[in-house]
Amino acid sequence: MSRQRRRRWLLTVLTGAVVVTGGIFAGWHYMQPKLVTYTAENGTEMKFKTDGDRFMEYGPDGTWREMFVKGVNLGATSPGHYPGEFPLTKEDYLRWFQQIEDLGANVIRIYTVHEPIFYSALVEYNRGREQPLYFIQGIWSPEEELIEKQDAYAAHIEQTFKQEIEKAVSAVYGDADIPAKQGESSGKYKTNAGKYLMAWHVGTEWDPAMVDNTNEKHADVPQYKGVHFSATPEASPFENWLAELLDHTAVLEKKYGWEHPMTFTNWVTTDVLDHPGEPLYEEDLVSVDARHIQPEAWQGGYFAAYHVYPYYPDLFHIDKTLQTIKDENGEYNTYKSYLRKLKAEFSDMPVMITEYGVPSSLGISHLGMGGRNQGGHNEVEQGDIDASLTQDIYDEGYSGAIVFMWQDEWFKKTWNTMPLEIPADRRAYWLNVLTNEKMFGLLAMDPGKQEQLTIDGSLDDWDDLKDEEVTTWQGQVHGIQEMKMTHDEAYLYIGLTLDQPFDPDQTVLRIGTDTLAGGSQPDKLLPGRTLSDGLETVITLGQDEESQVEIAKDYDFNQRLYGKEGYDMLPDQQEDSSDPFHPWNLAVSLRMTPPDTRSAHPFMNEKVGTLKRGTTAPGQSDTDSLTAWQYNGNQVEMRIPWMLLGFGDPSSLQAIDYGPLKNGREFSTVAVEGVTLIPWLTDRATKKVSWPGGEQTTLDLKTLPVYSWQPWEQVQYSERLKLSYEKMKKSYEKIPSFQIE
């Protein structure tokens, strides 16, 4: 065959291959399931709508079917970052989308406009799927300005809000080129994700004082009548303002040929119910009523959305009008009672609970009935409670349940630890397990050492750490061979090897910690011995009920903030205690006194310094995500949360100081070298103490090494599906997505 003929033959073969491949690809593409949508007479496309009190999806068979929305709220950040930094990648989104679908969820709710990669990744993920994963687009309100000015009609607020709406609509439909701006999403939005949108969710939780002031200040505002949404004659000035914003959203979306259901964010604090048992006036001050806004020529429809947690406001465990339904344990299910009362108000409108849940945190900040507290739960308990709340929502006739939250969020804050997290702008650089808001996720964002170190009493896995990550102390303490120390973004880890197997019935192990000049002498815990400086905390490991971290009386944050020198709320007997060390407590409810409140309630705090013995190893009978310590033979292993040791920010070695509180309310921190650990053993039978001072009765702490570390600006973390994920997966599997007529 000549060279020329050979070239023609190869060209023919290659051309044929291209044609065949193209045909196969075209056929494959043609065979892919397509999203079935409804086209109205005017040409508008729809996939979802509301019908009476039902939320409807247009199914693959070309008919409308009632849907129960099951979803997760998705944040825009990861550890070491704040929301306005938008660090998430395409790989993050695609991985999470698959895990969320495997959970049994059918929708993701986002609170604000994400980077373009979110929308393109979702479209890519859904390509070829018969049942896609949808999203609800939230539109963030100018929350800080609303609270600051206490007036929704104040200059520039509505303009700013409308600009955010315009950004959201154009981003969803892939029609935006948004210039970079500090703290906001930006970029070229070229992917049209509109067909995977389920609904619009406008605004944030409304400050009741702002709503009330807006209504008083603008009592003569005219009734808003829009193109697609209007206020009713009963609408308040604030509700008229909301009607205009919903209408603006609808008008903008209609230009892209789509109609989707609309809602605005609401919560218990501004609900439509009266709560006679709520002690705080502001929590029952004013209503924002979705029934006072009506759609006009908007086939996509409209529904009410509420954030409802079982512990906030206090009415959930105080208001006796909610104590009407008992659970299987004979305790009042005030959450279910509340849901029933709220749903009864909306007989002609769908209602979704678009936030609910409990965190898997050591810290706790509000109490709920039946143990449904804001925090203090391990991951199994978190999953059980989240699942029970989901079932309550479904059973009471709601149209959807969107759990809070998909991923843990290190940057979050909680009222009772905010005064202690200093500097506040470094919260994202460490995981404070006492701040429950950080740990609502079904996806754990574990600190750096959690993948490497299993708390099980064995120190074998410490050998896999790099030499520079572990400090070993081999001081002269009878009964202790050595003590190892390491740390990560959440904990100080301590591992001890003893001369004999540890028996908590015979021996108590204590470790004193010294970070600052001052503190208390551990007189009762270390009798007959004196330290050259006081201790800030003492770690006790023994029988389960006595294992805890205690804090020095003069250092006790709870007493300093809520005692006579602070808010003056602590009972006298607690403040006047002569014991040099106190239990580590967090406030969960402030003292309420008429006439400032409707009714009187005492100051309440919860002990959070208890150290739970168990294991973090999966699949064991004593597996517990809140495990703090364990022993195995002659080895004892523990992890102590940074804040229990007095740190306001371990990433910059900032410890809370002893100085008086500024204005009686504000703590200060000081940079420290690290922490000195003083271990000792006490024989229960003989009361004999083995300590670093040997036979001496005094000990100069400067003779002991200081455990120190380098400040960090970058965090190490790993992702892990929590045990609560499996609980919620079973819950979502149990509840049908669609009601068959």
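Both backbone and side-chain heavy atoms feed into the values below; hydrogens, waters and symmetry mates do not.
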Taking the side chain as everything from C-beta on, heavy atoms only, tell me whether Leu103 gets closer than 4.5 Å to Met728. yes
Answer whether the closest heavy-atom distance between the side chains of Leu586 and Ser365 falls below 4.5 Å. no
Measure the acute angle between the ring planes of His366 and Trp415, then classify it against the limits of 30° and 60° as parallel, tilted or perpendicular. tilted
Rounded to the nearest 0.5 angstrom, the CG-CD distance for Asn632 and Glu637 is 9.5 Å
What verdict does the side-chain hydrogen bond (donor to acceptor under 3.5 Å, both in side chains) test give for Arg639 and Thr616, after you've listed the backbone C-alpha separation in whole Å, the side-chain angles of each residue and the deciding distance to 0.1 Å? CA-CA 11 Å; Arg639 57 177 187 177; Thr616 59; 5.4 Å; no
Search all heavy atoms of Gln548 against all heavy atoms of Pro583 and return the closest pair with its distance. OE1-CA, 4.2 Å
Tell me, with the steps shown, if His307 and Thr265 meet side-chain hydrogen bond (donor to acceptor under 3.5 Å, both in side chains). CA-CA 8 Å; His307 297 171; Thr265 305; 4.9 Å; no
Are there more than 12 heavy atoms of other residues, nucleotides or ligands under 6.0 Å from atom CD of Glu144? no
Ring centres of Tyr309 and Trp267 under 6.0 Å apart? no
So Phe97 and Pro132, do their side chains get closer than 4.5 Å, heavy atoms only? no
Treating Lys438 as the side-chain partner and Trp410 as the backbone partner, does any N or O pair qualify as donor plus acceptor under 3.5 Å? yes
Value rounded to 0.5 Å, distance of CD in Gln635 from CD in Gln630: 12.0 Å
Please determine whether a side-chain nitrogen of the Lys or Arg among Lys484 and Asp463 lies less than 4.0 Å from a carboxylate oxygen of the Asp or Glu. yes
Calculate, to the nearest 0.5 Å, the distance between atoms CD1 and CG belonging to Ile117 and Leu122 respectively. 11.5 Å
Do you know the tightest heavy-atom contact between Lys729 and Asp102? CE-O, 3.2 Å
Is it the case that more than 12 heavy atoms not belonging to Gln182 sit under 6.0 Å from its CD atom? no
Taking atom types as modelled and ignoring hydrogens, do the side chains of Thr89 and Asp92 form a donor-acceptor contact shorter than 3.5 angstrom? yes
Contact between Trp473 and Leu677 at the side-chain level, heavy atoms closer than 4.5 Å - yes or no? no
Under 3.5 Å, is there a donor on one side chain and an acceptor on the other for Gln474 and Glu482? yes
With a 3.5 Å distance limit and no angle check, can you tell me whether Thr627 reaches the backbone of Thr615 through a side-chain donor-acceptor pair? yes
Is it the case that Tyr125 and Glu101 place a side-chain donor and acceptor less than 3.5 Å from each other? yes
State whether the side chain of Glu379 and the backbone N or O of Leu723 hold a donor-acceptor pair below 3.5 Å, judged by distance alone. yes
Run the side-chain contact (heavy atoms from CB on, under 4.5 Å) check on Val113 and Tyr119 step by step: do they pass? CA-CA 10 Å; Val113 179; Tyr119 304 94; 3.7 Å; yes
Nearest heavy atoms of Tyr555 and Ile656, plus distance in Å: OH-O, 2.5 Å
Salt bridge Lys722-Asp386, side-chain N to carboxylate O under 4.0 Å: no
When rounded to the nearest 0.5 Å, the distance separating CD1 of Ile678 from CE of Met483 is 8.5 Å
Do you know which two heavy atoms are closest between Leu498 and Gln481, and how far apart they sit? O-NE2, 3.2 Å
With side chains defined as the heavy atoms from C-beta onward, is the minimum distance between Asn73 and Glu355 less than 4.5 Å? yes
Side chains of His114 and Tyr93, heavy atoms from C-beta outward: is any pair under 4.5 Å? yes
Got a second to check how far Leu420's CG is from Asn558's CG, nearest 0.5 Å? 9.0 Å
Does any N or O in the side chain of Gln452 come within less than 3.5 Å of the main-chain N or O of Asp461, such that one atom is a donor and the other an acceptor? no
Less than 6.0 Å separating the ring centroids of Phe647 and Trp709? yes
Trace of the side-chain contact (heavy atoms from CB on, under 4.5 Å) decision for His81 with Val715: CA-CA 9 Å; His81 298 278; Val715 305; over 6 Å; no
Just by distance, do the side chain of Tyr311 and the backbone of Val358 share a donor-acceptor pair under 3.5 Å? no
The test is side-chain contact (heavy atoms from CB on, under 4.5 Å); show your working for Phe118 and Ser185 and say whether it passes. CA-CA 11 Å; Phe118 168 82; Ser185 57; over 6 Å; no
Ignoring hydrogens and geometry, is there a side-chain-to-backbone donor-acceptor pair from Asp408 to Gly441 under 3.5 Å? yes
Please test Lys70 against Ser737 for side-chain hydrogen bond (donor to acceptor under 3.5 Å, both in side chains), starting from the C-alpha separation and ending with a verdict. CA-CA 7 Å; Lys70 298 177 287 189; Ser737 296; 3.1 Å; yes
To check you understand the geometry: which heavy-atom pair defines the closest contact between Glu115 and Ser186, and what is its length? OE2-N, 2.8 Å
Backbone N/O of Tyr429 and side chain of Trp712: donor-acceptor pair under 3.5 Å: yes
Can you sort out the partners of Glu164 under salt bridge (charged side-chain N to carboxylate O under 4.0 Å, His left out), two or more places apart, ordered by chain and number? none
For Val308 versus Tyr356, what's the shortest heavy-atom pair and its separation? O-CB, 3.2 Å
Measure from the side-chain N and O atoms of Arg720 to the backbone N and O of Asp446, and report whether any donor-acceptor pair falls under 3.5 Å. no
Restricting to side chain to side chain contact (heavy atoms under 4.5 Å, CB included), what partner residues turn up for Ala424, sequence neighbours left out? Arg427
Ignoring hydrogens and geometry beyond distance, is a side-chain donor-acceptor pair present between Thr435 and Lys413 at under 3.5 Å? no
When rounded to the nearest 0.5 Å, the distance separating CG of Leu442 from CG of Leu721 is 8.5 Å
Ser708 side chain reached by Leu653 side chain, heavy atoms, under 4.5 Å: yes
Are the side chain of Thr540 and the backbone N or O of Arg510 linked by a donor-acceptor pair below 3.5 Å? no
Asp649: what forms a salt bridge (charged side-chain N to carboxylate O under 4.0 Å, His left out) with it, not counting sequence neighbours? Arg426
Trace of the side-chain hydrogen bond (donor to acceptor under 3.5 Å, both in side chains) decision for Tyr111 with Thr204: CA-CA 8 Å; Tyr111 292 89; Thr204 46; over 6 Å; no
Can you find a side-chain donor-acceptor pair between Asp488 and Tyr493 that sits under 3.5 Å? yes
Take Ile640 and Leu611 through the side-chain contact (heavy atoms from CB on, under 4.5 Å) test and state the conclusion after the steps. CA-CA 8 Å; Ile640 309 299; Leu611 300 177; 4.0 Å; yes
Closer than 3.5 angstrom, by distance alone: can the side chain of Asp622 be matched with the main-chain N or O of Arg613 as a donor-acceptor pair? no
Plane angle bin for Tyr196 and Tyr134 - parallel if under 30°, tilted between 30 and 60°, otherwise perpendicular: tilted
Can you confirm whether Glu409 sits close enough to Glu437 that some side-chain heavy atom of one is under 4.5 Å from a side-chain heavy atom of the other? no
